[in-house]
Amino acid sequence: MGILEVSNLYKDYGKKLALKNINLSFDLGQIVGLYGPNGSGKTTFLKIIAGLLRPSKGKVILDGREIGVYTKSIVAYLPDRNILPLWMKVRDARNFYKDFFDFDEARFKSLLEFFELREELNLRELSKGDLEKILLSLTLSRKAKVYLLDEPLGGMDPSTRDKVITSILRSYHEESLMIIATHLIGEIENITERTIFIHNGELVLDDNTEKIREEKGVSINELFKKMF
Ligand SMILES: Nc1ncnc2c1ncn2[C@@H]1O[C@H](COP(=O)(O)OP(=O)(O)OP(=O)(O)O)[C@@H](O)[C@H]1O
């Protein structure tokens with residue numbers, strides 16, 4: 001049994017069926033790229049695993065347990081939009097995250113230094129990209145079993161994206177599973193062992209990244225453009 005087992009998962013928002021019969025199994029030690037056109041269900045999928053949304057049907061088992069208090073304690077989730085109150089300074093946000101028993105302050109400090117940001121900064125005064133770096137640093141500073149990163153490269157300029165990828169790789173540890181949802185496939189595909197495509201809430205591709213590239217003779221980014 002993998003660390004994360006998803007079976008017959010459905011999610012509807014009223015009339016809108018956002019996920020249809022998703023079956024997936026994940027092991028520790030994987031970085032997974034989760035891709036799909038706008039509205040395909042990526043955020044919905046991650047939110048269900050993070051325990052922020054309930055499935056309409058189906059089962060999600062994380063580290064042997066149903067989604068609940070325990071599973072939330074082992075998941076570090078980076079949402080696709082800011083969740084921190086803007087009155088905070090970076091230091092306040094760090095103190096807020098210290099409530100997670102697995103928060104590694106030294107790691108946070110080193111990520112801040114890496115991004116050339118300081119604890120005295122006011123969140124309200126940060127650029128979109130810098131605020132995203134803070135949120136990502138807080139998320140990666142948890143020694144979680146499962147990391148769910150929803151569009152970690154969103155507001156970043158191209159050279160900052162490289163830094164973000166470096167920070168992700170530096171923070172990643174083999175005893176964890178990391179799922180990264182992004183539209184910037186070309187930037188991420190080289191660090192992922194596994195590639196998943198969803199379209200209209202359905203799983204359409206799930207395989208080893210290198211195997212797909214060899215068999216199809218194109219990059220994951222090119223394959224995505226061909227398919228959608
Ligand atoms: N709260 C909601 N109420 C109604 N429909 C919703 C809600 N949240 C998402 N949806 C719909 O569910 C579908 C899946 O949305 P979701 O945000 O999971 O997609 P996504 O793949 O993350 O999209 P994007 O790439 O644009 O971020 C979309 O059609 C969206 O409009």
Side-chain angles (χ1 to χ4, degrees), residues 4-26 30-62 67 71-72 75-84 128-129 131-136 138-140 146-158 160-161 164-165 168 177-192 194-207 209 212 219-228:
L4 173 61
E5 297 284 339
V6 177
S7 24
N8 307 316
L9 177 67
Y10 285 77
K11 176 67 189 175
D12 65 64
Y13 297 100
K15 277 191 188 148
K16 174 77 204 175
L17 194 51
L19 292 175
K20 299 172 204 168
N21 195 26
I22 302 286
N23 290 283
L24 285 165
S25 174
F26 299 88
Q30 289 186 336
I31 302 183
V32 181
L34 173 64
Y35 316 117
N38 288 124
S40 54
K42 302 179 296 295
T43 296
T44 302
F45 180 73
L46 296 183
K47 278 187 170 170
I48 289 174
I49 299 165
L52 300 172
L53 278 178
R54 279 178 177 277
S56 306
K57 217 161 69 176
K59 213 168 177 185
V60 179
I61 300 294
L62 184 46
I67 300 298
T71 65
K72 283 186 190 179
V75 171
Y77 169 62
L78 175 75
D80 63 348
R81 56 197 71 173
N82 178 44
I83 42 146
L84 296 171
K128 184 170 179 280
L131 186 57
E132 287 177 5
K133 285 178 216 161
I134 297 291
L135 260 177
L136 177 70
L138 289 165
T139 309
L140 293 177
V146 177
Y147 296 86
L148 307 173
L149 309 183
D150 198 348
E151 201 48 274
L153 302 168
M156 315 288 176
D157 63 68
T160 308
R161 283 180 210 152
V164 167
I165 290 165
I168 289 174
L177 163 70
M178 186 178 272
I179 305 178
I180 307 176
T182 182
H183 292 294
L184 294 161
I185 304 172
E187 263 85 351
I188 284 286
E189 62 173 273
N190 285 333
I191 69 161
T192 63
R194 179 173 170 188
T195 292
I196 294 175
F197 283 2
I198 54 174
H199 185 222
N200 289 333
E202 288 181 270
L203 187 67
V204 290
L205 178 77
D206 171 24
D207 215 333
T209 304
I212 299 172
S219 68
I220 303 297
N221 194 26
E222 285 159 6
L223 179 65
F224 185 91
K225 287 191 208 158
K226 272 189 178 179
M227 284 176 70
F228 306 111

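Both counts, for ligands and for their atoms, begin at 1 and track the order of listing.
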Let me confirm one number: the CD-CD1 distance from Glu189 to Ile180, rounded to the nearest 0.5 Å.
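Here the interatomic distance stands at 12.5 Å.
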Decide if atom NZ of Lys47 counts as having more than 12 heavy atoms of other residues, nucleotides or ligands within a radius under 6.0 Å.
no
Backbone N or O of Thr195 within a donor-acceptor pair of the Thr192 side chain at under 3.5 Å?
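Side chain of Thr192 to backbone of Thr195: no pair is present.
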Would you sort out whether Lys42 and Asp150 count as a salt bridge (charged side-chain N to carboxylate O under 4.0 Å, His left out), showing the intermediate values?
CA-CA 8 Å; Lys42 302 179 296 295; Asp150 198 348; over 6 Å; no
Please output the residues near ligand 1 using a strict heavy-atom distance under 4.0 Å, listed in chain and residue-number order.
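If the criterion is a heavy atom under 4.0 Å, then ligand 1 touches Tyr13, Lys16, Ala18, Pro37, Asn38, Gly39, Ser40, Gly41, Lys42, Thr43, Thr44, His183.
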Between Glu132 and Lys128, does the salt bridge (charged side-chain N to carboxylate O under 4.0 Å, His left out) criterion hold? Intermediate values first, please.
CA-CA 6 Å; Glu132 287 177 5; Lys128 184 170 179 280; 3.4 Å; yes
Does the side chain of Ile168 come within less than 4.5 Å of Met178's, by heavy atoms?
yes
